[in-house]
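In this text the structure is predicted, and so the values were computed from the model without any measurement. Quick note on labels: first sequence line is chain A, next is B, and so on, each numbered from 1.
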Number of protein chains: 2
Amino acid sequence: MAVAKLARTAPSPQATCTPISCKKCGVYQLCVPLGVDGTDLALLESIVKRKEVYKRGQVLFRPGERFDCIYALRSGSVKTSVISADGRVQIAGFHVAGELLGLSAYASGQYSCEATALETISVCKVEVERLDQLAKTMPSIYFEMLKISSEQIRRDEELMLLLGTRRAEERLAEYLIGLSRRFASRNYSATQFRLSMSRKDIGSYLGMAEETVSRILARFQEDGCISIAHREVHLNDLDRLSAIARNAGNV
Amino acid sequence: MAVAKLARTAPSPQATCTPISCKKCGVYQLCVPLGVDGTDLALLESIVKRKEVYKRGQVLFRPGERFDCIYALRSGSVKTSVISADGRVQIAGFHVAGELLGLSAYASGQYSCEATALETISVCKVEVERLDQLAKTMPSIYFEMLKISSEQIRRDEELMLLLGTRRAEERLAEYLIGLSRRFASRNYSATQFRLSMSRKDIGSYLGMAEETVSRILARFQEDGCISIAHREVHLNDLDRLSAIARNAGNV
DNA sequence: CGACGGTTTGAGCACCTTCAAGGAATGTGG
DNA sequence: CCACATTCCTTGAAGGTGCTCAAACCGTCG
């Protein structure tokens, strides 16, 4: 498989890579299961615009804008947020390299949420129009996107469970564990990483005030299960964190 | 279009109707945009199992079960819930006639949530395997399902916004308004309807205790903006409810 | 260096939960 | 059809979690 070969030539996170070949790019997630061969590969590359870079705070898309591109995140992290009529903000998701953004716009043709870079990021933009055209000859593209969407729904269900049934302390413990798993699955350290979100964003994501985030992180540190300075976290005791998340006060 | 014609022959909610033709059935939502003609129609009917009936409290599918069918709800209502490891339950959604259930299982091949009938319901079961086969000759099926999924994601984002940023009173007002809109869009009364969920389920859906639901509903009634007896609700003042949902105490 | 955003910490209080108990409605079995 | 069991709903009282407001600290960036 051409793609696999290409992937092998550029597997490291830092290396430059074509949109299709890079394992850390969401387009890979979309294309590899299709079993693309040499010809198709050229096709696929034709729909992927050259990568773009956004700086911290820049917005990829806003609610109401015409849905013209799907964004495949190659590096860095992005938050997506929904905003109510009266201006309250809920962070709906937090995305890292290898994930696709903008899919929820398919139904209405407009983006429903806002996507903001949390640090300098690099994305591949995939034009929906050309993707739709391509899908005529390669229908399985929609199937792969359907699977990705369905995965998103599953994650959303999890977040709802978190927001609806857990106390602040449990939510935050769960959040840290989730980050840990996510980093681990991408071959980064599971116990030491950098929070790219501010306390305020974490609070918004988890449905609590930023002060509460601060206080609970401090409490975790007193307990010894984490060490935290600025945005650098070290998880000292994952079991204990899990126990807290499960509301089992002591291990 | 054959489908449209069929639909016209059986438009009333009470009339018996084929799975494909019935406007109140989710399969319709899936098939009509495909522009199915006579031949395709036969194809489509071939994948839809004869309707099944579930009674109140019966479970359509559970987390972990093999994903073999998509359920199109023809009548009645269904709740979907997710359950955490320690047994806490979050109602993730509430579905009425015309909606599809089970799509979030596509990614993993297993259902991720539990679907329970809230009253006697009638569903069409669509076998995934046969749907996948059919999609080979009619690829747009996946596109339509992708759109439906993306709509689901949008709704989930809304619920997260509700759970994360609103106070109990606002959430409940929003919930009633949402129900009202949903009924209105299906040509039922927008101001008078029956709650098919228990107070407990509503509470779980909105992330609050059932007692809180009771108390706030009573407060709404005192204020005069709703009348409620048992599960029969009448919305007397939708504007006022909207104002409450927006945290604008007085109209 | 000064300004600014992000973070921490404190105090008081509001909202909502928990626990408890009684009443209404629904369903079940005799 | 009635008696009983069960679930659902309501209401009260007490207490805690987490919010708001406020102020100070820190790190970063121009």
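- Within the nucleic acid shown, B:Gly207 comes within 4.0 Å of sugar-phosphate atoms alone, with no base atom in reach, counting heavy atoms only.
- A donor-acceptor pair is defined here as one N or O able to donate and one able to accept, closer than 3.5 Å; no such pair exists between the side chain of A:Glu232 and the backbone of A:Ala229.
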Distances under 3.5 Å between nitrogen or oxygen atoms of protein and nucleotides 6-9 of chain C:
| from | atom 1 | to | atom 2 | distance (Å) |
| --- | --- | --- | --- | --- |
| C:dT7 | OP1 | A:Arg231 | NE | 3.1 |
| C:dT7 | OP1 | A:Arg231 | NH2 | 3.4 |
| C:dT7 | OP2 | A:Arg199 | N | 2.7 |
| C:dT8 | OP1 | A:Arg199 | NH2 | 3.2 |
| C:dT8 | OP2 | A:Arg199 | NE | 2.9 |
| C:dT8 | OP2 | A:Ser214 | OG | 2.2 |
| C:dT8 | O5' | A:Ser214 | OG | 3.3 |

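- Listed by chain and residue number, nothing satisfies the salt bridge (charged side-chain N to carboxylate O under 4.0 Å, His left out) test with B:Asp68 (two or more places apart in sequence, or in another chain).
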Which atom pairs, donor and acceptor, lie under 3.5 Å between side-chain atoms of residues 203-215 of chain B and protein residues at least two apart or in another chain?
| from | atom 1 | to | atom 2 | distance (Å) |
| --- | --- | --- | --- | --- |
| B:Ser204 | OG | B:Val89 | O | 3.2 |
| B:Ser204 | OG | B:Ile91 | N | 3.0 |

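- As a whole-Å value, the separation of A:Met208 CE from C:dC16 P is 16 Å.
- Distance B:Ile216 CD1 to C:dA14 C1': 13 Å, rounded to the nearest Å.
- Every residue meeting the side-chain contact (heavy atoms from CB on, under 4.5 Å) condition with A:Ser189, not counting sequence neighbours, appears here in chain and number order: A:Thr191, A:Gln192.
- Protein atom CD of A:Glu169 is 13 Å distant from nucleotide atom P of D:dC19, rounded to whole Å.
- Per the geometry, CD belonging to B:Glu232 stands 13 Å off P belonging to D:dC9, to the nearest Å.
- The stretch residues 67-89 of chain A participates, sequence neighbours left out, in these ring-ring contact (aromatic ring centres under 6.0 Å, His included) pairs: A:Phe61-A:Tyr71, A:Phe67-A:Tyr106, A:Phe67-A:Tyr111.
- The side-chain contact (heavy atoms from CB on, under 4.5 Å) search around B:Glu174 returns B:Leu162, B:Arg166, B:Ala245, not counting sequence neighbours.
- With rounding to whole Å, B:Leu195 atom CG is found 14 Å from C:dT26 atom P.
- One can place CD of B:Glu119 at 17 Å from C1' of C:dG27, the figure rounded to the nearest angstrom.
- A:Arg219 places its CZ atom 14 Å from the C1' atom of C:dG10, with the value rounded to the nearest Å.
- Considering only residues two or more places apart in sequence or on other chains, A:Arg88 meets the salt bridge (charged side-chain N to carboxylate O under 4.0 Å, His left out) condition with A:Asp86, B:Glu170.
- Applying the side-chain contact (heavy atoms from CB on, under 4.5 Å) rule to B:Glu119 yields the partners B:Ser77, B:Ile121, B:Ser196; only residues at least two apart in sequence or on another chain are considered.
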Provide a list of protein-nucleic acid N or O atom pairs under 3.5 angstrom, restricted to nucleotides 15-17 of chain D.
none

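- Listed by first and then second residue, the ring-ring contact (aromatic ring centres under 6.0 Å, His included) pairs involving residues 207-228 of chain A amount to none (not counting sequence neighbours).
- Comparing the end axes of the helix from C:dC1-D:dG30 to C:dG30-D:dC1, each fitted to five base pairs by superposing C1' atoms of four pairs onto the next four, gives an inter-axis angle of 50° (nearest 10 degrees).
- The side chain to side chain donor-acceptor pair (under 3.5 Å) test with A:Ser112 singles out one residue from B:Glu157, B:Arg154, B:Glu158, B:Arg155, and that residue is B:Glu157.
- Judged as a side-chain contact (heavy atoms from CB on, under 4.5 Å), and not counting sequence neighbours, the contacts of A:Arg231 are A:Arg56, A:Arg194, A:Leu195, A:Ser198, A:Arg199.
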